[in-house]
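All chains are named by letter (A, B, ...) in the order of the sequence lines, taking the proteins before the strands, and each is independently numbered beginning at 1. What you see is a predicted model, and the numbers here were worked out from it, not measured in a lab.
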There are 2 protein chains.
Amino acid sequence: MAGHGPYSCGLDAAVDLVGGKWKALILWELHTGPRRFAELRRGLPGVSEKMLIQQLRELEADELVHREVYRQVPPKVEYSLTDFGVSLNQALLPLGDWGERHMARITTNRCR
Amino acid sequence: MAGHGPYSCGLDAAVDLVGGKWKALILWELHTGPRRFAELRRGLPGVSEKMLIQQLRELEADELVHREVYRQVPPKVEYSLTDFGVSLNQALLPLGDWGERHMARITTNRCR
DNA sequence: TGCGGTACTAACCGAAAGGTAAGTGGGATG
DNA sequence: CATCCCACTTACCTTTCGGTTAGTACCGCA
């Protein structure tokens, strides 16, 4: 996980946190409430188990996501946003709106 | 430049646009006004010429940055935000603030 | 000629990120 | 026993990203 060392500004640091192919989507999926692993996977078409757990582990290390292990069979592990993660998601709202509004343009530009 | 094809949501698309080691910093540097290549490079400690031009080209392709070539000697090329780029920077403000406020925590978490 | 200014391009390489496939553990059930 | 549930882990490989190095073009000037 290669964040460059000292960050030049807040934006640099924040963008680093959500960098990772599936992180933004995971954060968004958890916005609506806690999810079990398989639920998360179903909500993120195309993600492999390996990539999902990897990115969840990183988000957990960054204290954005909380992982709760339930001692039961079958096993149950639940992921939810920490307060820190919730605050990040709040800060991401305007960016998400912007992306939604300009989706057609972004897509067109990326296809050339 | 690996944006995954269809985006699942606006956030996914927007985060893809600023993904790239130097892009957020470049967008931020241009926030205050147009810059020539060398000026940009001086404002971004650690960036190589190759990386700078590469990321500028991508930002240009995404229509976030405008490149103006002046026919003179020595050569002068000026980079500035497009209106589209300005709107993105506006949407990034809350995220930048968030990052600034939580810088210590982000840095601590990343060092473990 | 060499040197400077400015803004690149190209070749090559190593590191990092992402992915596929196979396997694990602890049960419960037929 | 085999099969299922759930949530992972591991080995290996491919692709992408970021970086280093050398070079280019077009001048102006000593």
Please state whether the phosphate of dC8(D), meaning OP1 or OP2, lies under 4.0 angstrom from any side-chain nitrogen or oxygen of Y79(A).
-> yes
Ranking dT9(D), dT9(C), dA7(D) by distance to the side chain of F37(A), first place goes to dA7(D)
Please work out whether the ring planes of H31(B) and W28(B) are parallel, tilted or perpendicular, with thresholds of 30° and 60°.
-> parallel
Let me know, please, whether R42(B) or G46(A) comes out on the 5' side of the other along DNA chain C by nearest nucleotide.
-> R42(B)
Q55(B) (side chain) donor-acceptor with W22(B) (main chain) under 3.5 angstrom | yes
State which of dA7(D), dA11(C), dG5(C) makes the closest approach to the side chain of K50(B).
-> dA11(C)
To the nearest Å, how far apart are E78(A) CD and dC6(D) P?
-> 14 Å
Across the strands shown, which category fits Q55(B) at heavy-atom distances under 4.0 angstrom: base, sugar-phosphate, nothing?
-> sugar-phosphate
Does the side chain of R67(A) reach to within under 4.5 Å of the side chain of V69(A), using non-hydrogen atoms?
-> yes
Atom CD1 of I53(A) to atom C1' of dC6(D): distance rounded to whole Å?
-> 12 Å
To the nearest Å, give me how far apart CD (E68(A)) and P (dC8(D)) are.
-> 12 Å
Rounded to the Å, how far apart are M51(A) CE and dT14(D) P?
-> 17 Å
Let me know the distance between CD of Q72(B) and C1' of dG28(D), rounded to the nearest Å.
-> 13 Å
Separation of dT9(D) atom P from E49(A) atom CD, nearest Å, is 11 Å
Specify the residue among P74(B) and R67(A) whose closest nucleotide of DNA chain D lies further upstream toward the 5′ end.
-> R67(A)
note: W22(B), atom CH2; dG18(D), atom C1'; distance rounded to Å ~ 10 Å
Basic-acidic side-chain contact under 4.0 Å: R105(B), E63(A) | yes
So, H66(A) versus Y79(A), ring centres under 6.0 angstrom or not?
-> no
Give the rounded distance in Å between these two atoms: CZ of R71(A) and C1' of dG26(C).
-> 13 Å
Taking dG19(D), dG19(C), dA7(D) as options, the one with an atom nearest any side-chain atom of P75(A) is dA7(D)
Quick one: is dA16(C) close enough that its OP1 or OP2 comes under 4.0 Å of any side-chain N or O from K21(B)?
-> no
V73(A) has its side chain closest, among dG26(C), dT10(D), dC8(D), to dG26(C)
Is the distance from OP1 or OP2 of dT9(C) to the nearest side-chain N or O of R57(B) less than 4.0 Å?
-> yes
